[in-house]
Amino acid sequence: MSEAFARIAQPLSRAVLVFTLGCLVTWTAVFPFDPYIRNAFIGGRAVVMTAIMAVTKPTPDVWRFIEPETFEGGVVTLTEDASDAVRLITVGESARLIDREGNELHRWAIDYADLPESEGNEKVSAGLAGSDGLYWQRATVLPDGDLIVMINHTGLSPTGVGMMRLDRESRPVWVRHDHYHHDFDVDAAGYVHVLDQRERAQAPAPFDALIGPVLDEGLQVLSPAGEPVRRVSFLDAFADSPYASLVDSHARIDWHSWGDYLHSNNVDVADAATAARFAMVEPGQVLISLRDIDTIALLDLEEETITWAMIGAWHRQHDPDFLPNGNILIFDNKGDWARGGKSRVIEVDPATGGIVWSFPDGPDGEPLWSDYRAEQEVVPGTAEAEAGAGAQTILVNAFTTGRLLEVDRAGRVLWEYRCPDRHPEKPKVACSVMSATAFARADLPFLDDGGVMTLETADAVTLRPGGGSARR
């Protein structure tokens with residue numbers, strides 16, 4: 001028995017030792033490291049992670065664990081000072097408009113399986129239909145009730161599944177299948193500016209520390225009809241700019257990001273009025289956020305280069321927004337060092353990098369935490385916002401803790417909402433709010449023209465276990 005065991009144990013122990021040494025070599029990039037070894041390691045890691053996920057079946061981002069005995073969904077805080085704005089939230093494969101009391105005013109929903117495709121515009125994977133990991137990542141509603149929405153799926157690399165425009169009754173106007181992710185913005189002419197990802201064998205020449213293959217982050221512009229117009233690679237834009245060292249210096253520290261060196265997460269297109277308030281901004285330039293190098297930057301689409309970039313008192317940030325007063329509002333995920341690296345919303349003067357306002361303010365203020373994702377924006381329609389007074393009433397989505405907040409400049413929580421939907425098979429799981437945007441009701445006239453689809457007037461719409469919604 002002992003001899004038989006030895007015959008098995010010795011080669012097995014050698015294999016474990018070789019594998020462990022290979023992992024160390026790949027992780028530290030020391031001799032005899034080679035990109036081919038790294039590629040093999042990435043592939044092997046993907047196989048192992050897929051096997052682990054198949055056994056453990058982790059909860060996708062569309063859901064979050066709760067304490068069922070203490071969980072309270074819907075509006076949990078409502079003060080007299082809360083705004084009358086309409087909130088658009090994306091939940092699973094649906095988008096909903098709710099009022100300050102949490103009443104649902106309108107809903108859009110369609111299954112991924114029901115989306116059309118055409119030649120040259122095939123689905124990323126037809127096998128995703130019905131998956132627990134599908135979700136609508138971000139959406140915006142137009143005055144006529146049409147919805148532009150981004151679709152994603154947990155765990156994809158390159159990430160992203162597609163974008164579409166739906167009419168008010170959730171019928172597709174156009175659908176574009178591609179690796180779109182995180183954020184998009186629609187300019188005054190109806191062109192959609194959206195983040196995308198592609199695989200790339202090697203980074204551009206200036207970035208000798210970026211080990212290929214890499215994820216080529218970029219900005220894609222779609223016509224009002226959903227047709228691709230142009231694309232700019234962020235790596236190429238940085239390579240052809242004075243800010244190339246921002247990327248390379250990060251890679252030397254954190255090269256083991258498996259090719260995800262930038263991790264972009266924001267798109268804000270500057271119009272003429274916005275550009276007039278910022279000395280470094282030209283009309284048509286795009287404010288982007290690059291989480292993994294702690295950088296916010298301006299992309300010039302015409303010149304295909306980065307014209308301005310800043311690193312500041314934030315870490316792993318999301319969603320920088322232009323403010324009417326010439327400052328920038330940022331969700332700082334992990335840079336609140338006074339609280340041990342917790343989250344905060346900060347208003348930053350781009351001329352100096354100084355923080356002129358934050359929520360929470362001081363170490364004893366309202367706790368805030370979202371280690372990834374998350375967003376914020378000034379609520380429209382308030383007197384302060386219209387007067388250009390900067391960050392006043394703000395909608396905050398602390399994603400990973402499931403809190404949707406409206407706060408004022410004094411740091412008061414005026415309104416709080418938690419997604420009320422519960423997983424039909426898992427009592428300790430509730431839905432996540434993927435994104436949230438505030439609209440003045442006057443900007444959405446379709447709500448008052450008799451064409452509203454609500455749960456009472458529409459065909460039944462149900463939340464699938466995967467977070468999606470299905471008509472029946």
Side-chain angles (χ1 to χ4, degrees), residues 60 62 90 92-95 108-142 144-187 189-201 213-236 264-265 267 269 286 299 301 304 434-435 464 466-471:
V62 294
T90 55
E93 288 181 81
S94 73
W108 297 260
I110 187 172
D111 281 350
Y112 182 70
D114 295 334
L115 295 181
E117 58 182 40
S118 58
E119 186 176 353
N121 185 24
E122 294 81 15
K123 292 182 179 179
V124 170
S125 172
L128 296 179
S131 166
D132 274 10
L134 271 172
Y135 59 91
W136 291 8
Q137 186 165 17
R138 183 167 295 278
T140 192
V141 59
L142 305 179
D144 62 358
D146 279 13
L147 186 85
I148 300 178
V149 62
M150 173 187 294
I151 315 166
N152 210 328
H153 188 284
T154 302
L156 291 184
S157 183
T159 189
V161 173
M163 291 195 71
M164 59 185 173
R165 179 169 177 165
L166 305 177
D167 68 15
R168 69 175 66 180
E169 296 181 3
S170 299
R171 295 173 299 204
V173 177
W174 55 257
V175 179
R176 174 59 49 182
H177 304 286
D178 205 342
H179 291 293
Y180 303 125
H181 67 96
H182 277 88
D183 198 18
F184 67 90
D185 195 12
V186 184
D187 67 19
Y191 285 81
V192 180
H193 298 65
V194 58
L195 299 174
D196 77 352
Q197 281 187 356
R198 296 181 180 178
E199 294 175 331
R200 184 167 178 167
V214 299
L215 286 177
D216 187 28
E217 302 266 3
L219 185 81
Q220 194 173 140
V221 180
L222 305 180
S223 74
E227 295 296 329
V229 175
R230 69 181 307 171
R231 181 183 190 270
V232 177
S233 160
F234 293 155
L235 286 175
D236 290 337
S264 59
N265 58 39
V267 178
V269 181
V286 182
L299 172 71
L301 286 171
E304 299 190 359
M434 281 292 168
S435 67
R464 287 207 311 257
S469 300
R471 289 176 178 268

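Since the structure is predicted, the reported quantities are computational estimates derived from the model, not experimental observations.
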Nearest heavy-atom approach of L128 to L134 is O-CD1, 3.1 Å
When rounded to the nearest 0.5 Å, the distance separating CG of D185 from CG of L195 is 10.5 Å
Check: Q137 and H182 side chains under 4.5 Å, non-hydrogen atoms: yes
(request) Evaluate the side-chain proximity of N152 to H181: yes if any heavy-atom separation is below 4.5 Å, no if none is. (result) yes
Quiz prompt | Between Q220 and Y180: side-chain donor-acceptor atoms closer than 3.5 Å | solution = yes
Min side-chain heavy-atom separation Y191-V229 under 4.5 Å = yes
inquiry  = Quick one, R200 and D236 - any side-chain contact, counting heavy atoms below 4.5 Å?
reply    = yes
Practice task
Measure the shortest side-chain to side-chain distance between H153 and V124 over non-hydrogen atoms and say whether it is less than 4.5 angstrom.
Solution key: no
Tightest non-hydrogen contact, residues H177 and E122, listed as CB-O, 3.0 Å
Close side-chain approach of V186 and F184, heavy atoms under 4.5 Å
yes
Taking every heavy atom of Y112 against every heavy atom of V161, the minimum-distance pair comes out as CE1-CG1, 3.2 Å
Rounded to the nearest 0.5 Å, the CD atom of Q197 sits from the NE2 atom of H179 at a distance of 8.5 Å
Requested in this report: Salt-bridge test for R176 and D196: reply yes if a basic N is under 4.0 Å from a carboxylate O, no otherwise.
Outcome: no
> Does a side-chain heavy-atom distance below 4.5 Å link D187 with H193?
Replying inline: yes
Between the OG atom in S170 and the CG atom in L147, the distance rounded to the nearest 0.5 Å is 8.0 Å
M164 and L115 have their tightest heavy-atom pair at SD-CD2, 3.5 Å
Could R198 and D216 be called an ion pair, given the rule that one side-chain N must be under 4.0 Å from one carboxylate O? no
Would you call R231 and D178 a salt bridge, using N to O less than 4.0 angstrom? no
**Q.** Within-4.5 Å side-chain heavy-atom neighbours: R230 and E304
**A.** yes
In terms of heavy-atom contacts, D146 and R168 come closest through OD1-N, 3.9 Å
V192 and M163 have their tightest heavy-atom pair at CG1-CE, 3.9 Å
